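For reference, the structure discussed in these notes is given below.
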Protein chains: 2
Amino acid sequence: MIEATIEAIAELGFSATTIAEIARRAEVSTGLVAFYFRDKDGLLEATLRHLSSDLARAVVSRLRAAGSPRERIQAVIDANLGASQFHRRIATVWLAFWGQVPHNAHFRRVQRIYERRMISDLVDALKAYMAPADARHLAHATAALIDGLWLRGTLAGEEPATSRAREIVTAFVDTQLLLLDLALLRRPAQEPAHAIPRTHS
Amino acid sequence: MIEATIEAIAELGFSATTIAEIARRAEVSTGLVAFYFRDKDGLLEATLRHLSSDLARAVVSRLRAAGSPRERIQAVIDANLGASQFHRRIATVWLAFWGQVPHNAHFRRVQRIYERRMISDLVDALKAYMAPADARHLAHATAALIDGLWLRGTLAGEEPATSRAREIVTAFVDTQLLLLDLALLRRPAQEPAHAIPRTHS
DNA sequence: AGGTAGTTTGAACGCACATTCAGTCAAGGG
DNA sequence: CCCTTGACTGAATGTGCGTTCAAACTACCT
């Protein structure tokens with residue numbers, strides 16, 4: 001039923017999605033929505049939560065496979081810009097929900113969780129390389145770059161740009177870490193921070 | 001009337017905005033919408049075009065005041081992340097339209113113009129510092145960073161983050177240009193490209 | 001004054017929607 | 001074999017929407 005909702009929003013858009021259409025796709029009656037989700041808004045909220053937890057699962061599973069902090073950063077990048085999130089069917093639905101976020105308290109709460117999770121995942125990993133304040137700073141920039149590439153890719157309707165997007169973010173992060181090394185090397189002699197990760201702060 | 005539409009979408013959201021509500025705010029009758037814009041969709045498209053040309057004007061006016069290519073890049077950054085675009089009243093309306101883009105051919109056309117304009121403005125300026133292919137690459141990353149910061153700021157509902165967002169993008173661009181200088185200095189002796197802008201390729 | 005073209009009105013229309021609810025159906029327990 | 005519980009149906013209801021259009025109003029010209 002939630003799957004049918006995703007399908008309908010992806011195909012018809014947010015405002016053109018009706019309960020009758022969702023019921024048709026799910027091969028149930030219209031009345032069943034009220035039985036399980038109280039009303040249409042309840043179904044939509046459940047759908048957004050479903051999308052959000054799908055993404056969270058993708059991130060967690062990649063984080064588990066990651067060893068070094070650098071790999072954990074990459075896990076966040078790859079999960080958020082992975083094929084599953086870029087797939088038109090999913091991406092347009094996210095976008096439709098984002099458009100409603102300012103006017104729906106339920107959606108806003110889910111969005112805050114999404115946003116904070118990405119930041120804290122990135123900050124956790126970046127703290128291995130730099131001071132917490134710098135880590136937060138870079139995490140915000142990285143998160144924005146990820147979301148911006150996702151947004152532009154989705155709006156443009158480009159399907160296959162996913163690997164290119166990941167390369168851009170990867171290069172950005174590597175550049176920032178490289179600059180950190182250079183700065184450290186010029187100061188009182190010290191190893192590049194990410195050759196000996198997780199040893200300070 | 002277009003102003004009233006912006007106001008209504010900002011306050012109520014896309015799907016809750018009715019012609020009656022717009023007419024009430026504009027202090028006209030509902031029938032007048034049809035007279036000037038054919039139907040509701042025509043009014044919405046005109047509203048999006050209005051927003052788009054407002055932004056374009058802001059960019060052009062800053063570009064005119066800019067001298068060096070570096071200043072032209074900054075003009076794009078400042079115009080897109082300026083207070084006028086971050087103002088909740090405007091930003092939530094943009095967001096609402098973006099959510100409809102995949103399902104409305106008119107909106108999609110306006111979006112393509114917006115997207116390409118930012119890229120070409122950036123590429124034009126960046127070509128002074130690097131090969132066209134590199135310029136396009138960096139332009140995409142910069143544009144994504146701008147849009148990503150805008151998106152996150154708008155979704156989070158933070159009003160005053162505008163100066164911080166601009167700092168992040170500015171720092172990103174400066175870093176990329178700095179790296180270019182470093183690379184050039186290590187190769188066969190050559191001046192940093194942006195000390196002698198616009199002289200090659 | 002009369003006429004005309006350009007504006008504006010707002011009630012009427014018909015349609016599409018979310019919600020409701022009385023009722024059907026299937027399964028399991030007593 | 002009946003009764004209960006939970007899942008599910010779909011027609012009926014009423015509300016709210018965009019659109020239409022005949023009529024009214026305004027300003028300008030002749």
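Just so it is clear, the model here is predicted, and its values are computed rather than measured. Letters go in sequence order (proteins before strands), and every chain restarts at 1. Every heavy atom of this structure was used, including side-chain atoms; hydrogens, water molecules and symmetry mates were not.
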Practice problem: Find out whether B:V110 and B:F107 are in side-chain contact, i.e. whether some heavy atom of one side chain is under 4.5 Å from a heavy atom of the other. | Solution: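 When only atoms from C-beta onward are counted, B:F107 and B:V110 do not touch, as no gap falls below 4.5 Å.
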Exercise. Check whether any side-chain heavy atom of A:Q176 lies under 4.5 Å from a side-chain heavy atom of A:L180, and answer yes or no.
Key: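 Side chain of A:Q176 against side chain of A:L180, heavy atoms only: no contact under 4.5 Å found.
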Quiz item: Which dot-bracket string fits DNA chain C when only Watson-Crick or G-U wobble pairs with both atom distances under 3.5 Å count, crossing pairs get [ ], and | stands for a partner on a different strand?
Solution: ||||||||||||||||||||||||||||||
Practice problem: Going 5' to 3' through nucleotides 8-21 of chain C, assign each nucleotide B (protein heavy atom under 4.0 Å from a base atom), S (under 4.0 Å only from sugar-phosphate atoms) or - (no protein heavy atom that close). | Solution: BBBB-----SSSB-
Quiz item: Is it true that B:R164 and B:E167 have a side-chain N and a carboxylate O under 4.0 angstrom from each other?
Solution: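 Looking at B:E167 together with B:R164, the answer is no, because their closest N to O distance does not fall below 4.0 Å.
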Quiz item: Of A:R70, A:R72, A:E71, which is the lone residue that meets side chain to side chain donor-acceptor pair (under 3.5 Å) with A:Q74?
Solution: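 Answer to the side chain to side chain donor-acceptor pair (under 3.5 Å) test with A:Q74 among A:R70, A:R72, A:E71: A:R70.
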Quiz item: Parallel, tilted or perpendicular: which fits the ring planes of B:W94 and B:Y114, with parallel below 30° and perpendicular above 60°?
Solution: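 It falls in the tilted class, 30° to 60°.
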Practice problem: May I have the distance from A:R24 (atom CZ) to D:dC8 (atom P), rounded to whole angstrom? | Solution: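 It works out to 20 Å between those atoms.
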Quiz item: Testing A:D147, A:L149, A:L155 for side-chain contact (heavy atoms from CB on, under 4.5 Å) with A:L151, which one passes?
Solution: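 When A:D147, A:L149, A:L155 are each tested with A:L151, the side-chain contact (heavy atoms from CB on, under 4.5 Å) holds only for A:L155.
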Exercise. Quickly, which of B:R89, B:R25, B:R88 forms a salt bridge (Lys or Arg N to Asp or Glu O under 4.0 Å) with B:E11? Name it, please.
Key: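 The single option meeting the salt bridge (Lys or Arg N to Asp or Glu O under 4.0 Å) with B:E11 is B:R25.
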Quiz prompt | Flag for A:Y129-A:D181: side-chain donor and acceptor within less than 3.5 Å | solution =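 Result is no, nothing qualifies.
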